[in-house]
Amino acid sequence: MESSEKLQDDLRTLGMKIKQHEDSLKLLRNQKNKLDDTILDMQVKLGKYHSSSLPVVNKDESHLQSEHETTEQILRHEKSAAGILCQLKAHHGSQASHLTLTKDVLGVVATLGKVDDENLSRIFSEYLGVQTMLAVVCNTFEGVKALETFNQDGCIDKTSGLHGLAASIGRSLDGRFIVICLENLRPYAGDFVAEDRQRRLDLLKPRLPNGECPPGFLGFAVNMINVDSSNLSFVTASGEGLRETLFYNLFSHLQVYQTRAEMFRALPCISEGAVSLDGGMIRSNGVFSLGSREEVDVRFPKTSTMLEELESYSETEKQMIEMRWQKEKLEEDNKRELALLNTAKFNFERKKQDFVKFLAQSSTYATQHQFQAGRR
């Protein structure tokens with residue numbers, strides 16, 4: 001009995017050690033995952049900075065020049081709905097937003113977001129295509145209906161809506177045009193990045209089978225769009241902003257990589273398309289856009305790279321070096337804890353075999369003892 005109790009106590013002790021080591025490994029994995037996320041966020045920030053071809057310029061000059069450039073690009077499409085709306089704004093300024101026809105119109109897709117550099121502007125605009133870049137964005141379906149009306153025969157009434165507006169300024173609206181109604185879109189339903197003024201979406205980052213984030217991953221396109229301060233406060237009747245309605249529906253979980261080669265290596269992690277800064281494009285699972293890049297003539301405006309941001313990037317680089325050192329230390333702790341776990345499991349199995357052997361011997365002894373007692 002004493003031997004049996006000692007073996008059982010030893011097994012319990014070893015079982016508790018295994019549980020402790022497993023809990024320690026779980027804690028280390030969680031800490032490593034948090035570090036990986038933080039390092040990835042820093043890489044995204046530094047990657048966008050290093051990929052930028054823009055010089056450091058004055059904030060105000062960059063703001064005016066960039067938006068003016070985008071407006072000029074839209075105005076070249078003079079027979080489009082977007083071109084006519086921009087023409088109206090150019091002639092009537094802020095009064096245009098108070099007209100019954102346009103008061104529900106937020107703007108054109110190309111004017112509602114900005115990006116950090118020329119590479120992102122080119123690849124995002126190409127991904128969406130010129131028709132989507134020129135799409136008119138309305139808040140409600142009532143606003144959509146106001147843009148185009150029909151006569152009793154079911155034909156478009158050319159004297160009202162956008163068609164009538166075009167005629168009033170000596171233009172004609174040709175062909176179809178896209179209108180996006182925010183209240184009819186299915187919005188993003190997840191969480192947001194904590195303490196982020198831009199309210200970026202807290203999307204689950206891609207992971208390789210080994211748990212690491214794919215090399216070259218810069219982020220999600222929907223989070224690389226900067227919403228202008230004038231539109232950050234906008235919400236639909238149900239309380240959603242532009243990022244979780246308009247841009248989430250345009251880009252969804254589209255991933256952005258530094259190079260095409262890195263994007264292709266990350267294929268197991270890509271579920272809803274990806275683009276790379278050197279022109280690679282995956283539309284969806286199994287659908288690749290090959291060939292030469294298409295130069296879309298309507299692009300997102302570019303935000304400025306301000307002098308004070310350079311200090312922030314330098315500080316980020318220092319923090320990332322520290323984070324990587326912490327990650328290396330965690331990996332060493334993980335290896336040591338894993339070795340201790342394996343040793344504890346080995347000792348447990350050996351002790352369990354001793355206990356099973358002891359039980360077998362005890363059973364044999366008891367059987368023999370009963371047999372001898374029966375003979376007496």
Side-chain angles (χ1 to χ4, degrees), residues 48 59-60 62-75 81-83 85-86 88-90 92-99 101-117 120-121 124-125 127-128 132-144 146-147 178-193 195-203 219-252 254 298-306:
K48 287 193 294 183
K59 177 182 178 182
D60 295 331
S62 172
H63 179 271
L64 293 172
Q65 182 183 359
S66 183
E67 288 206 352
H68 175 73
E69 183 181 25
T70 300
T71 301
E72 286 294 318
Q73 291 170 348
I74 294 172
L75 286 171
L85 287 171
C86 280
L88 178 68
K89 187 176 180 181
H92 297 280
S94 60
Q95 294 179 350
S97 61
H98 300 298
L99 297 175
L101 174 65
T102 58
K103 66 180 181 180
D104 196 64
V105 174
L106 271 71
V108 177
V109 166
T111 64
L112 293 175
K114 297 180 181 179
V115 291
D116 286 340
D117 64 71
L120 291 176
S121 181
F124 288 173
S125 300
Y127 176 80
L128 294 178
T132 301
M133 291 295 290
L134 291 172
V136 177
V137 180
C138 289
N139 186 12
T140 68
F141 183 58
E142 291 301 315
V144 176
L147 295 178
I178 298 174
V179 180
I180 299 173
C181 179
L182 297 184
E183 74 172 6
N184 291 141
L185 298 178
R186 179 176 292 180
Y188 167 75
D191 295 326
F192 296 85
V193 175
E195 299 180 1
D196 180 27
R197 185 172 172 273
Q198 280 280 325
R199 283 176 59 81
R200 291 178 175 86
L201 313 184
D202 190 14
L203 301 174
F220 293 96
V222 66
N223 285 336
M224 291 181 165
I225 295 290
N226 296 310
V227 179
D228 211 18
S229 56
S230 59
N231 290 319
L232 275 176
S233 58
F234 166 81
V235 291
T236 62
S238 53
E240 285 91 17
L242 280 177
R243 189 181 305 281
E244 58 266 36
T245 54
L246 175 64
F247 293 114
Y248 180 67
N249 276 269
L250 291 177
F251 292 112
S252 188
L254 183 74
V298 180
R299 299 181 187 173
F300 286 110
K302 300 177 288 295
T303 52
S304 62
T305 305
M306 295 172 286

- [ ] Output yes when a side-chain donor or acceptor of Arg299 lies under 3.5 Å from a complementary backbone atom of Ser125, and no otherwise.
- [x] no

Task: Stepwise side-chain contact (heavy atoms from CB on, under 4.5 Å) check, Met224 with Asp116 - done: CA-CA 8 Å; Met224 291 181 165; Asp116 286 340; over 6 Å; no

Task: Nearest heavy-atom neighbours spanning Thr132 and Leu128 - done: OG1-O, 3.3 Å

Task: Considering all heavy atoms, the nearest Leu182-Phe234 contact - done: CD1-CE2, 3.5 Å

Open item on the list: Which residues pass the side chain to side chain donor-acceptor pair (under 3.5 Å) test with Asn184, not counting sequence neighbours?
Closed with: none

Open item on the list: My understanding is that only one of Phe247, Phe220, Phe251, Tyr248 makes a ring-ring contact (aromatic ring centres under 6.0 Å, His included) with Tyr188; could you say which?
Closed with: Tyr248

Open item on the list: Could you check whether any side-chain N or O of Thr245 sits under 3.5 Å from a backbone N or O of Pro187, counting only pairs where one atom can act as donor and the other as acceptor?
Closed with: no

TODO: State, to 0.1 Å, how close Val298 and Leu134 come at their nearest heavy-atom pair, and which atoms those are.
DONE: CG2-CD2, 4.0 Å

Task: Approximate separation, where rounding is to 0.5 Å, of Ser121 OG and Glu69 CD - done: 8.0 Å

- [ ] Mind checking the CG-NE2 spacing from Leu75 to His68? Nearest 0.5 Å is all I need.
- [x] 9.0 Å

Task: Check: Ser252 side chain, Asn249 main-chain N or O, donor-acceptor pair, under 3.5 Å - done: no

Task: Short side-chain to backbone donor-acceptor contact, Asp104 and Thr140, under 3.5 Å - done: yes

TODO: Looking only at non-hydrogen atoms, find the nearest pair between Cys138 and Leu106 and report the distance.
DONE: C-CD1, 4.3 Å

TODO: Among Val115, Leu112, Leu246, Leu250, find the one that has a side-chain contact (heavy atoms from CB on, under 4.5 Å) with Ile225.
DONE: Val115

TODO: Taking only Lys NZ, Arg NE, NH1 and NH2, and the carboxylate oxygens of Asp or Glu, determine whether Asp228 and Lys114 approach each other closer than 4.0 Å.
DONE: yes

Open item on the list: Please check: side-chain N/O of Glu183 versus main-chain N/O of Thr236, any donor-acceptor pairing under 3.5 Å?
Closed with: no

Open item on the list: Please check this pair: side chain of Arg200 against backbone of Asn226, looking for a donor-acceptor N/O pair closer than 3.5 Å.
Closed with: no

Open item on the list: Main chain of Arg243, side chain of Arg199: is a donor-acceptor contact present, judged purely on distance under 3.5 Å?
Closed with: no

